[in-house]
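One structure is given below, encoded as structure tokens.
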Amino acid sequence: MAVTKTANVNVRIQENIKQQAEQILETIGIPRATAIDMFYRQIILNKGIPFSLTIPKSLSAQDDMNEKTFNALMAKGYDQAAQSDSYPIDDVFKELDR
């Protein structure tokens with residue numbers, strides 16, 4: 001029987017992103033290491049990222065949303081601000097200028 005070597009993957013990720021993802025993984029019963037292994041295997045099978053990496057042609061405007069969708073978007077933004085998961089406005093504009 002051949003012994004398969006394993007390797008470690010160390011990454012830095014925003015705490016809230018990690019918590020949200022791990023909560024979902026726990027709900028569906030998939031350990032974090034298994035999910036990462038699955039992602040890597042999909043990269044190999046697809047010979048690239050296994051999902052589309054595109055920028056939408058336009059961003060949603062309030063006029064294009066119903067009240068429930070708009071309120072959910074605002075609540076998400078508020079939560080991000082409350083958790084300091086945001087960037088100073090000057091940094092945002094510098095990034096936009098680039």
Side-chain angles (χ1 to χ4, degrees):
M1 182 187 304
V3 176
T4 304
K5 288 185 177 182
T6 61
N8 291 327
V9 176
N10 297 309
V11 298
R12 304 277 313 152
I13 189 168
Q14 291 178 351
E15 180 66 26
N16 68 321
I17 299 297
K18 177 181 176 282
Q19 288 173 350
Q20 290 176 53
E22 288 183 0
Q23 184 177 37
I24 293 167
L25 291 171
E26 183 178 326
T27 300
I28 59 178
I30 297 176
R32 173 183 45 214
T34 302
I36 293 168
D37 183 73
M38 291 166 55
F39 178 62
Y40 274 40
R41 289 172 186 269
Q42 284 297 308
I43 290 171
I44 294 165
L45 286 170
N46 288 280
K47 295 185 178 12
I49 302 297
F51 47 81
S52 176
L53 297 173
T54 59
I55 298 172
K57 291 182 181 177
S58 64
L59 298 175
S60 298
Q62 182 179 358
D63 294 342
D64 300 330
M65 298 179 213
N66 62 33
E67 185 176 354
K68 182 179 178 182
T69 302
F70 177 74
N71 289 340
L73 184 64
M74 293 296 103
K76 180 180 176 184
Y78 178 81
D79 289 342
Q80 286 176 318
Q83 296 174 16
S84 297
D85 182 19
S86 60
Y87 302 94
I89 192 70
D90 291 338
D91 293 351
V92 173
F93 281 111
K94 285 178 189 173
E95 182 67 24
L96 288 172
D97 286 341
R98 287 193 311 165

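In this text the structure is predicted, and so the values were computed from the model without any measurement.
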### Task
Quick one: closest heavy-atom pair of Ile30 and Ala35, and the distance?
CG2-N, 3.8 Å
### Message
What's the separation between atom CG in Asp63 and atom CZ in Phe70, rounded to the nearest 0.5 Å?
### Response
10.0 Å
### Task
State yes or no: do Ile28 and Met38 share one hydrophobic cluster built from I, L, V, M, F, W and Y residues joined by side-chain heavy-atom distances below 4.5 Å, directly or via other members?
yes
### Message
Quick check for you: to the nearest 0.5 Å, what is the distance between Gln62 atom CD and Met74 atom CE?
### Response
7.5 Å
### Message
Please list all pairs meeting side chain to side chain donor-acceptor pair (under 3.5 Å) that have one or both residues in residues 65-82, counting only residues at least two apart or in different chains.
### Response
Asn66-Thr69
### Summary of salt bridge (Lys or Arg N to Asp or Glu O under 4.0 Å) pairs that have at least one residue in residues 12-22, sequence neighbours excluded
Lys18-Glu22, Glu22-Arg32
### Query
For Ala21, what residues pass the side chain to side chain contact (heavy atoms under 4.5 Å, CB included) criterion, not counting sequence neighbours?
none
### Message
Taking transitive links into account, so neighbours of neighbours count too, which hydrophobic residues share a cluster with Ile13 at under 4.5 Å side-chain distance?
### Response
Ile17
### Query
In the hydrophobic clustering that connects Ile, Leu, Val, Met, Phe, Trp and Tyr at side-chain heavy-atom distances below 4.5 Å, which members other than Leu45 occupy its cluster, ordered by chain and number?
none
### Summary
The remaining residues in the hydrophobic cluster of Val11, counting side-chain heavy-atom contacts under 4.5 Å among Ile, Leu, Val, Met, Phe, Trp and Tyr, are Val9, Ile36, Phe39, Tyr40, Ile43, Ile49, Phe51, Leu53
### Query
Can Lys94 and Asp90 be counted as an ion pair, charged N to O under 4.0 angstrom?
no
